[in-house]
Amino acid sequence: MFTDEYYMRMALQEAEAALEQDEVPIGCVVVSNNRVIARAHNLTETLNDVTAHAEMQAITSAANFLGGKYLKDCTLYVTMEPCVMCSGALSWSQISRVVIGARDEQRGFINKHLSLHPKTEVVTGIMENECSAIVKDFFKSKR
């Protein structure tokens, strides 16, 4: 059956793709009716664009797939808690659900006391250890 862990594994595959490109390894997928309609990972270095976060890429791709700007009845699975910029975009997209692997205590939107669209459900801690480890290992290798 399609569980949160099932889709988070796909998001982790995207994070691994980012890692192979020497990008911060964060990945996500957008699901609608048990179907993956968008996959993305960070591309900030590749595109030389500070806004090219995985979530931003996935929102654009999913909206293009659906033919509209709203992601109602969609779930975003993301390996790391979205930043303030991405949470703002997710809020404007009116996405129904956001499933987060690992929290980002420093840059994530939750500790900034921000929220998504009032109807958006937020779930945290899905495959948290795996999602956290890939980012921590990446930054350890950079030091």
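Please read these numbers as outputs of a predicted model, since none were measured by experiment.
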Participant: Of the non-hydrogen atoms in Ser93 and Ile59, which two are nearest, and what is the gap between them?
Facilitator: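 Nearest pair, atom of Ser93 first, then Ile59: CB-CG2, 4.4 Å.
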Participant: Would one find more than 12 heavy atoms of other residues, nucleotides or ligands at under 6.0 Å from atom CG of Asn48?
Facilitator: no
Participant: Would Glu81 and Thr124 count as having a side-chain donor-acceptor pair, cut-off 3.5 Å?
Facilitator: no
Participant: For the residue pair Leu12 and Thr79, what are the closest heavy atoms and their distance?
Facilitator: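 Heavy atoms only, the tightest pair is N-CG2, 3.7 Å.
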Participant: Listed by chain and number, what are the salt bridge (Lys or Arg N to Asp or Glu O under 4.0 Å) partners of Asp104, not counting sequence neighbours?
Facilitator: none
Participant: Return yes when atom NZ of Lys136 has more than 12 non-hydrogen atoms of other residues, nucleotides or ligands closer than 6.0 Å, and no otherwise.
Facilitator: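 Count not over threshold, so no.
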Participant: In this structure, would Val30 and Met85 fall into the same cluster of hydrophobic residues linked by side-chain contacts under 4.5 Å?
Facilitator: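 No; tracing contacts between hydrophobic side chains, which count when under 4.5 Å, never links both residues.
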Participant: In terms of hydrophobic clusters joined by side-chain contacts under 4.5 Å, are Phe65 and Val98 together?
Facilitator: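 Yes, it is one cluster - the side chains of Phe65 and Val98 are joined through contacts under 4.5 Å.
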Participant: Can you name the closest pair of heavy atoms from Tyr77 and Met8 and give their distance?
Facilitator: CD2-N, 4.2 Å
Participant: Assess the residue pair Ile26 and His53 against the criterion (side-chain contact (heavy atoms from CB on, under 4.5 Å)); give the C-alpha distance rounded to whole Å, side-chain angles, the decisive distance to 0.1 Å, and a yes or no.
Facilitator: CA-CA 8 Å; Ile26 297 172; His53 289 193; over 6 Å; no
Participant: Considering non-hydrogen atoms only, spot the tightest contact between Gln94 and Tyr70 and give its length.
Facilitator: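 Looking at all heavy atoms of both residues, the shortest contact is NE2-CE2, 3.2 Å.
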Participant: With side chains defined as the heavy atoms from C-beta onward, is the minimum distance between Leu90 and Thr120 less than 4.5 Å?
Facilitator: no
Participant: Are Phe2 and Val36 linked, directly or through other ILVMFWY residues, by side chains that come within less than 4.5 angstrom of each other?
Facilitator: yes
Participant: For Ser87, is there any backbone N or O sitting under 3.5 Å from a side-chain donor or acceptor partner on Glu55?
Facilitator: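 Judged by distance alone, no pair lies under 3.5 Å.
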Participant: Between atom NE2 of His41 and atom OG1 of Thr46, what is the distance when rounded to the nearest 0.5 Å?
Facilitator: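 One gets 6.5 Å once the value is rounded to the nearest 0.5 Å.
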Participant: Please give me the minimum heavy-atom distance between Asn111 and Arg103, naming the atom from each residue.
Facilitator: OD1-NH2, 3.0 Å
Participant: Indicate yes or no for a side-chain donor-acceptor contact from Asn42 to the backbone of Pro25 under 3.5 Å, with no hydrogens or angles considered.
Facilitator: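 Checked: no pair found.
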Participant: For the CG atom of Asn129 and the CD1 atom of Ile134, what is their distance to the nearest 0.5 Å?
Facilitator: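 So the gap between those two atoms works out to 13.5 Å.
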Participant: What is the distance from atom CD of Gln57 to atom CG of Asp49, rounded to the nearest 0.5 Å?
Facilitator: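 Gln57 CD to Asp49 CG: 7.5 Å, rounded to 0.5 Å.
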Participant: For Ser141 and Phe138, indicate whether the former's side chain and the latter's backbone hold a donor-acceptor pair under 3.5 Å.
Facilitator: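 Judged by distance alone, yes, a pair lies under 3.5 Å.
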Participant: Can you check side-chain contact (heavy atoms from CB on, under 4.5 Å) on Glu23 and Thr44, steps first, answer last?
Facilitator: CA-CA 7 Å; Glu23 295 276 359; Thr44 58; 3.4 Å; yes
Participant: Determine whether Cys74 and Leu66 satisfy the following criterion, side-chain contact (heavy atoms from CB on, under 4.5 Å), listing intermediate values before the conclusion.
Facilitator: CA-CA 10 Å; Cys74 292; Leu66 295 171; 3.8 Å; yes
Participant: Verify the cluster assignment for Met56 and Ile37: are they in a single hydrophobic cluster under the rule of side-chain heavy atoms below 4.5 Å apart?
Facilitator: no
Participant: Using the rule given for side-chain contact (heavy atoms from CB on, under 4.5 Å), can you reason through Ile100 versus Phe109, listing the C-alpha separation, both sets of side-chain angles and the distance that settles it, and then say yes or no?
Facilitator: CA-CA 12 Å; Ile100 299 167; Phe109 77 97; 4.2 Å; yes
Participant: Out of curiosity, Arg9 CZ to Cys131 SG, how far, rounded to the nearest 0.5 Å?
Facilitator: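 Reported value, rounded in 0.5 Å steps: 10.5 Å.
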Participant: Would the number of heavy atoms belonging to other residues, nucleotides or ligands and lying under 6.0 Å from CD of Glu105 be above 12?
Facilitator: yes
Participant: Verify the cluster assignment for Leu43 and Met80: are they in a single hydrophobic cluster under the rule of side-chain heavy atoms below 4.5 Å apart?
Facilitator: no
Participant: Can you see which heavy atom on Arg39 is nearest to which on Val29, and at what distance?
Facilitator: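 Reported closest heavy-atom pair: CG-CG1, 3.9 Å.
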Participant: Can you tell me how far the CD atom of Glu5 sits from the CE atom of Met10, to the nearest 0.5 Å?
Facilitator: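 Nearest 0.5 Å value for the CD-CE distance: 13.0 Å.
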